[in-house]
Amino acid sequence: MKLLGLKNVKLEGGFLKDKLDLVRNETVDAVWNRFYETGRVGAYECDPKAEFPAHVFWDSDVIKWAEGAAYYLGLEYDKELDDKINMLAELMEKNAFEDGYYNCYYAVHPELTRFTNRNNHELYCAGHLFEAAVAYYEATGNDRLIKISSKYVDCITKIFMEEKGASFTTPGHQEIELALLRLYDVTGDEKYLDLARFFLVMRGHGIKEDKGQYNQSHVPVVSMDEAVGHSVRACYLYSGMADYAAVADDTPMAVACKRLFDNIAKKKMYITGGIGSTKLGEAFTEAYDLPNDLAYAETCASIALLFFATRMQRLQNDSKYADVAERALYNGVMSGLSLDGVSFFYTNPLEINMRNRSRYKANVVPEAFPITQRKRVFGCSCCPPNIVRLMPSLAAYAYGVDGDTLYVNQYMDSSVDLDGMKVKVTTVYPVNGNIKISASGTKRIALRIPDWCKSFTLDSEYTMQNGYAVVENPSELTLVLDMPVRFVKANPKIAACRGKVAVMRGPIVYCAERVDNNFDIFSFFAGEKSDVTVGEAYGGLPTVEFTGHTVECDDVLYSDSFEPERTPRRIKLIPYYAFANRGESDMAVWLND
């Protein structure tokens, strides 16, 4: 299917519109201000005497922010945002090398030779510039960043493809591949497609690159069958592969993408849509290795998975891709942003046990666990601007078209206007599953029935196709997705979750925090699961309560005659993405069953 862009889709209201507005009103300025204070914005001046020395990936931090700002310009013009983007453009034009190369780190380090260190993020930073160029051009019609990008691509093409003068062949941190394909989509210029193809097909052949798994260089991309290595780099690569397979009708690459997606979704993904379970290399590990308290699950990794899953829909009209995108969005991504919009998680654990952490207060094992409170900026601050650019572009993840069929992939209160086709979706999803659709000029509409939904009603005749309820000649429709509280178990191969249960309602994963429960949540058993109620909202969505019990035993370590006392307890759970907004507290997604 062809995914609809922001020019054809408008987010009108509801939960996601509230998040979009929060990011616009709070996060955009908060991230810019932190980047200004820490020298990232000033680095674009390329002054070797600057107070804050430039870092190899600072270009990408700031230009990702600019991409997000551009999306907001497309929603509502704001001169202050536009001026900031043009200030950055002016500095890039001023400080670019004569052949179009731009990188603030290399500009202030003339003793370094460019494209000699594969791990120095040059092509990664370039890719984010190209994505910002596309966003700014589509939002405003201004091609200033496109021109900068075009000249830079000519430089890269000459060095890598024609002269083969670089010390490596493919990027150490993938990103440029998908960015080049976005440039190709918006311009139609084959040079972008050619360079993207080069970086994709040359990877994994061992030509001036290591053969390691960390940056997915172990085998050629068409031979990949398991997600390995740095999880963000991996899913950025897989996103580029999926885009290229769709554009070039490359069957082997499409088949590889399907293998990789299934490997992630079936063996290496947290219930929250988090990926990359270890801090060591921010990486995928073995199948089913998904610890809760040590979960890395970087916010950027969930965003990258969202990118990959959505792009897979260009290759196959199957609801499973939108299901994973939804899981990642509402849980693994949303948890990266505080409820006030100004602080962030880099990593997103599924358990916080303050008693265990107290052992390490003397820094015997520094940073043994993920942090417990969000920060306003990080040394590696890639996640905050990634949220800034994702939220205003969310409407582009909602719909797709294939022939005469409009696919509704994500349920948002939104409208579509495309070539005489007008569709309005009215909903407060995921507060509840009630969705009203009005359509005109549409021959066929396909409504995703999420994998979590076991029962639904639709007031029109339909047929089920690949997870979608397909309606012919739609006009006025009402879809109701039943959204009971569900108690979910994990595959017993996941050691950390054996004998445990997680709570979900619709696509939302819930967690318990000690701040809501005056008892040890780790001694709580969900056994009875009685008197389940949906309560008042916290963080924008309902809370959940039910009755189970805690267990207390005699004060001995081991015995063949323990007779535990069960005390009935009522536990309160909040949406997982909203944890850690009220100070440090024990937290658990998985409860004893």
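Just so it is clear, the values below take in all heavy atoms, side chains as well, and ignore hydrogens, waters and symmetry mates.
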Query raised in the report: Between Tyr462 and Phe456, is the ring centre distance below 6.0 Å?
Result: yes

I want to know whether Tyr538 and Tyr510 have ring centres closer than 6.0 Å.
no

Original post:
Would a distance-only check, ignoring hydrogens and angles, find a side-chain to backbone donor-acceptor pair under 3.5 Å from Gln410 to Ala322?
Top reply: yes

Between the CD1 atom in Ile275 and the CE atom in Met269, the distance rounded to the nearest 0.5 Å is 9.5 Å

- prompt: Between Val221 and Val201, is a side-chain contact (heavy atoms from CB on, under 4.5 Å) present by the stated rule, with each step listed?
  reply: CA-CA 7 Å; Val221 295; Val201 302; 5.8 Å; no

Q. If you measure from the Lys or Arg side-chain nitrogens to the Asp or Glu carboxylate oxygens, is any gap between Asp243 and Arg314 under 4.0 Å?
A. yes

| Does atom CD of Glu90 have more than 12 heavy-atom neighbours from other groups under 6.0 Å away? | no

Sequence neighbours excluded, the answer for salt bridge (charged side-chain N to carboxylate O under 4.0 Å, His left out) partners of Lys147 is Asp143

Legend entry - Side chain proximity check, Ile437 to Glu476, heavy atoms < 4.5 angstrom: no

With sequence neighbours left out, the residues meeting side chain to side chain contact (heavy atoms under 4.5 Å, CB included) with Tyr77 are Leu73, Lys79, Asp82

Kindly indicate, with the supporting measurements, whether the criterion side-chain contact (heavy atoms from CB on, under 4.5 Å) is fulfilled by Asn473 and Lys443.
CA-CA 5 Å; Asn473 301 312; Lys443 185 174 181 181; 4.2 Å; yes

For Phe487, I'd like to know if atom CZ has over 12 heavy atoms of other residues, nucleotides or ligands within 6.0 Å.
yes

Can you tell whether the side chains of Arg197 and Asp250 come within less than 4.0 Å, N to carboxylate O? no

Exercise. Any Lys/Arg nitrogen of Glu67 or Arg182 sitting under 4.0 Å from an Asp/Glu carboxylate oxygen of the other?
Worked result: yes

Does Asp323 form a salt bridge (Lys or Arg N to Asp or Glu O under 4.0 Å) with Arg327? I'd like the steps, not just the answer. CA-CA 6 Å; Asp323 289 337; Arg327 183 184 295 271; over 6 Å; no

*Side-chain contact, heavy-atom cut-off 4.5 Å: Arg505 with Val534?*
yes

| task | Report yes or no: does Thr543 contribute a side-chain atom to a donor-acceptor pair with the main-chain N or O of Glu536 at less than 3.5 Å? | result | yes

Is it true that Phe261 and Tyr321 have ring centroids separated by less than 6.0 Å?
yes

- Item | Asp194 bridged to Lys191 by N-O distance under 4.0 Å | no

Review point. Within a reach of under 6.0 Å around NZ of Lys436, are more than 12 heavy atoms found that belong to other residues, nucleotides or ligands?
Key: no

Original post:
How far apart are the C-alpha atoms of Ser335 and Asn348, what are their side-chain angles, what is the distance that settles it, and do they pass the side chain to side chain donor-acceptor pair (under 3.5 Å) test?
Top reply: CA-CA 7 Å; Ser335 64; Asn348 297 275; 2.7 Å; yes

Nearest heavy-atom approach of Ser231 to Gly276 is OG-CA, 3.7 Å

Counting C-beta onward and ignoring hydrogens, is there a side-chain heavy-atom pair between Tyr184 and Leu180 closer than 4.5 Å? no

Closest non-hydrogen contact found for Ser460 with Val471 is OG-CG1, 3.5 Å

All heavy atoms of Ala70 vs all of Ala139, minimum pair found to be O-CB, 3.1 Å

**Study point:** Chi angles and distances behind the ring pair (Phe, Tyr, Trp, His ring centres under 6.0 Å) call for Tyr192, Phe130
**Key:** CA-CA 10 Å; Tyr192 303 121; Phe130 303 161; 7.4 Å; no

Review point. Got a salt bridge between Lys267 and Asp262, using NZ or NE/NH1/NH2 to carboxylate O under 4.0 Å?
Key: no

### Message
Measuring centre to centre across the rings, with the benzene-like ring taken for any Trp, is Phe308 within less than 6.0 Å of Tyr236?
### Response
no

Hey, is CZ on Phe15 packed in by over 12 heavy atoms from elsewhere, all under 6.0 Å? yes

request  = Report yes if the side chains of Tyr72 and Met391 come closer than 4.5 Å at any heavy-atom pair, otherwise no.
outcome  = yes

* **Heavy atoms from other residues, nucleotides or ligands near NZ of Lys258 exceed 12 (cutoff 6.0 Å)** => yes

Any side-chain heavy-atom pair of Leu20 and Met412 under 4.5 Å: no

Item to complete: Report yes if some heavy atom in the side chain of Ile63 is under 4.5 Å from a heavy atom in the side chain of Met92; otherwise report no.
Response: yes

I'd like to know if the side chain of Tyr136 pairs up with that of Asn86 as donor and acceptor (distance under 3.5 Å, no hydrogens or angles considered).
yes

Within a strict 4.5 Å, meaning less than it, do heavy atoms of the Leu477 and Ile445 side chains meet? yes

_Arg374-Ser343 side chain donor-acceptor pair, cut-off 3.5 Å_ = no

With no hydrogens and no angle check, just 3.5 Å: does a side-chain donor-acceptor pair link Ser455 and Asp482? yes

Residues passing the ring-ring contact (aromatic ring centres under 6.0 Å, His included) test with Tyr411, sequence neighbours excluded, are Tyr429

Test item: Asn263 and Lys268 side chains (from C-beta on) under 4.5 Å apart, heavy atoms = yes

Between the CE atom in Met334 and the CG atom in Leu339, the distance rounded to the nearest 0.5 Å is 11.0 Å

Do Glu12 and Ser414 pair up side chain to side chain, a donor and an acceptor below 3.5 Å, judged on atom types alone? no

Chi angles and distances behind the side-chain contact (heavy atoms from CB on, under 4.5 Å) call for Phe284, Ile264
CA-CA 9 Å; Phe284 292 106; Ile264 293 172; 4.0 Å; yes

Note: Gly273 and Leu305 closest approach over all heavy atoms is O-CD2, 3.6 Å

Output for pair (Ile449 CD1, Leu481 CG), nearest 0.5 Å, gives 5.5 Å

Quiz item: Between Leu394 and Lys19, is a side-chain contact (heavy atoms from CB on, under 4.5 Å) present by the stated rule, with each step listed?
Solution: CA-CA 10 Å; Leu394 278 180; Lys19 288 292 184 182; 6.0 Å; no

Sub-6.0 Å ring centroid separation between Phe345 and Phe579
yes

Using 4.0 Å as the upper bound for N to carboxylate O, is an ion pair formed by Glu131 and Arg389?
yes

Interatomic distance, CG@Leu3 vs CG@Asn409, rounded to 0.5 Å, equals 7.0 Å

**Prompt:** Asp402 and Asn317: side-chain donor and acceptor closer than 3.5 Å?
**Reply:** yes

Here the gap from Cys383 atom SG to Ile303 atom CD1, rounded to the nearest 0.5 Å, amounts to 7.0 Å

Considering residues, nucleotides and ligands other than Asp419, do more than 12 of their heavy atoms fall under 6.0 Å from its CG? no

**Request:** May I ask you to decide whether Asp78 forms a salt bridge with Arg24, counting only side-chain N to carboxylate O separations under 4.0 Å?
**Result:** yes

Taking NZ, NE, NH1 and NH2 as the nitrogens, is one of them in Glu175 or Arg233 under 4.0 Å from a carboxylate oxygen of the other? no

State whether Arg259 and Asp225 are salt-bridged, where the test is any N-O pair (Lys NZ or Arg NE/NH1/NH2 against Asp/Glu carboxylate O) under 4.0 Å. no

inquiry  = Any salt bridge linking Lys424 with Asp413? Criterion: basic side-chain nitrogen under 4.0 Å from a carboxylate oxygen.
reply    = yes

Is the gap between the ring centers of Tyr468 and Tyr407 under 6.0 Å? yes

